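One structure below.
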There are 2 protein chains.
Amino acid sequence: MASLQKPFDVERFFQALADKTRLRLLNLMCDQEICVCYFVEVLGQPQPKISRHLAYLRNAGIVTARREGKWMHYRIVAPPNAGAARVLQEILDWLKEEKAMQADRTRLTRACCAPQKFVTLQNAPQPATIEANTAVVLR
Amino acid sequence: MASLQKPFDVERFFQALADKTRLRLLNLMCDQEICVCYFVEVLGQPQPKISRHLAYLRNAGIVTARREGKWMHYRIVAPPNAGAARVLQEILDWLKEEKAMQADRTRLTRACCAPQKFVTLQNAPQPATIEANTAVVLR
DNA sequence: TATACATATTCGTCAATACGGATATAATGA
DNA sequence: TCATTATATCCGTATTGACGAATATGTATA
């Protein structure tokens, strides 16, 4: 029974990483669970597009989702393959160094810490309030 | 003038890694320059297919080629982006742990060390003879 | 120059994916 | 139950990439 899990799909893993939007999403999730509405706000792109890319990451086994009322929270999960997990962590560390990715995270912080500036997000759950019990553990 | 180089294409980088054949090629090149004829021999796949994948890796800036008479030698080059270089090295380390990749390298060693078993490769240049001055330096 | 050998490219086809736009589903609250 | 909000999926289309088969290019050698 325990051996019924399909082997790790390396091609799918890298395909999932081969898209700018998905890398931006991963960067925003790099150390906390994030609500879809923030992705839409921060990336400034159509909600269906964000949702499709999140579904792609989910199917690739790189993120997982948790529902909280109307909101869906996504977070990164460590791949079952140890090597893949190491590579993913290295990628996240790399993204953190990129200017454009830092800018995204800055916008995320602004959206979370000053929600009054985003009228449509006034009631959206903030990452900080749920970070503690859903922190990503890749290492 | 020095700023005319185009920025590193992250999508292209990961697209290049999102193919089993290309990962097998990179694995074979992980610590030495390799002749195309060995790729064809070790992977047991059509020469045009190998050549196309090598061209893809070349266009992505992950490998470079050197001609030596009729033979073409390919080797991995460090990406200009430091983060990408670290990620690539982590990926190569990961590949080394995979059973199928180890089997490929074993077949490569056999092809190089016992060339008499491969009639069509009798005169092919062996990686060991040129390894010293073309070693990959990612770290 | 003609031939053989190693490698690269082209062509046609098929599958996968990205996208915008429209719509469907799920949860909440009046 | 109906409306609203948040998110997901579907549809048609355009692009990209992988493949086998055929062919072209480059190099050495007779």
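So you know, we letter chains A, B, ... as the sequences are listed, proteins then strands, and number each from 1. Values in this document were obtained by computation on a predicted structure and should not be read as measured data.
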Residues forming a salt bridge (Lys or Arg N to Asp or Glu O under 4.0 Å) with B/K96, sequence neighbours excluded: B/D31

In whole angstroms, how far is the P atom of C/dA15 from the CZ atom of A/R12? 17 Å

Of D/dG17, C/dT7, C/dT17, the nucleotide closest to the side chain of B/C37 is C/dT7

May I ask you to test the A/L54-A/F39 pair for a side-chain heavy-atom distance under 4.5 Å? yes

Please report the distance, rounded to the nearest Å, between CG in B/L57 and P in D/dG17. 13 Å

For B/W71 and D/dA28, give me the distance from atom CH2 to atom P, rounded to whole Å. 9 Å

Listed partners of A/A103 passing side chain to side chain contact (heavy atoms under 4.5 Å, CB included), at least two apart: A/R107

Whether A/Y38 contacts D/dT7 is assessed here as follows: a side-chain N or O lying under 4.0 Å from the phosphate OP1 or OP2. Is that the case? no

Separation of C/dT7 atom C1' from B/E41 atom CD, nearest Å, is 16 Å

Can you measure A/Q45 atom CD to D/dT7 atom P for me and round it to whole angstrom units? 16 Å

State which residues pass side chain to side chain contact (heavy atoms under 4.5 Å, CB included) with B/T64; sequence neighbours excluded, sorted by chain then number. B/R75, B/V77

OP1 or OP2 of C/dA18 under 4.0 Å from side-chain N/O of A/R22: yes

If the sugar-phosphate is the primed atoms plus P, OP1 and OP2 and the base is the rest, what is the B/S/- string for nucleotides 24-30 of chain C, using protein heavy atoms under 4.0 Å? --SSS--

Here the distance between atom P of C/dA6 and atom CD1 of B/I34, to the nearest Å, is 17 Å

Which residues satisfy the salt bridge (Lys or Arg N to Asp or Glu O under 4.0 Å) test with B/E97, sequence neighbours excluded? A/R86

Please tell me if the side chains of B/Q47 and B/S51 come closer than 4.5 Å, counting only heavy atoms from C-beta onward. yes

Output every pair passing salt bridge (Lys or Arg N to Asp or Glu O under 4.0 Å) with a member in residues 12-29 of chain B, not counting sequence neighbours, ordered by first then second residue. B/R24-B/D104

Report the residues that fulfil side chain to side chain donor-acceptor pair (under 3.5 Å) with B/Q45, sequence neighbours left out, ordered by chain and then residue number. B/K49

How many whole angstroms separate atom CD1 of A/I50 from atom C1' of C/dG20? 14 Å

Over all strands shown, is B/Y74 touching base, sugar-phosphate only, or nothing at heavy-atom distances under 4.0 angstrom? sugar-phosphate

Residues which pass side chain to side chain contact (heavy atoms under 4.5 Å, CB included) with A/V10, listed by chain and number, not counting sequence neighbours: A/F8, A/F14, B/L23, B/W94

Only counting residues at least two apart or in another chain, list the ones meeting side chain to side chain donor-acceptor pair (under 3.5 Å) with A/Q15. none

Can you tell if the side chain of A/I76 reaches within under 4.5 Å of the side chain of A/L88, non-hydrogen atoms only? yes

Does A/H53 make a side-chain N or O approach to OP1 or OP2 of C/dC19 shorter than 4.0 Å? yes

When you check every protein heavy atom under 4.0 Å of nucleotides 9-16 of chain D, what one-letter string (B, S, -) results, 5' to 3'? BB------

Return the angle between end axes of the helix from C/dT1-D/dA30 to C/dA30-D/dT1, with five pairs used per end and rounding to 10°. 0°

Holding to side chain to side chain donor-acceptor pair (under 3.5 Å), I want the full list of residues that pass it with A/R58, two or more places apart in sequence or in another chain. A/Y74

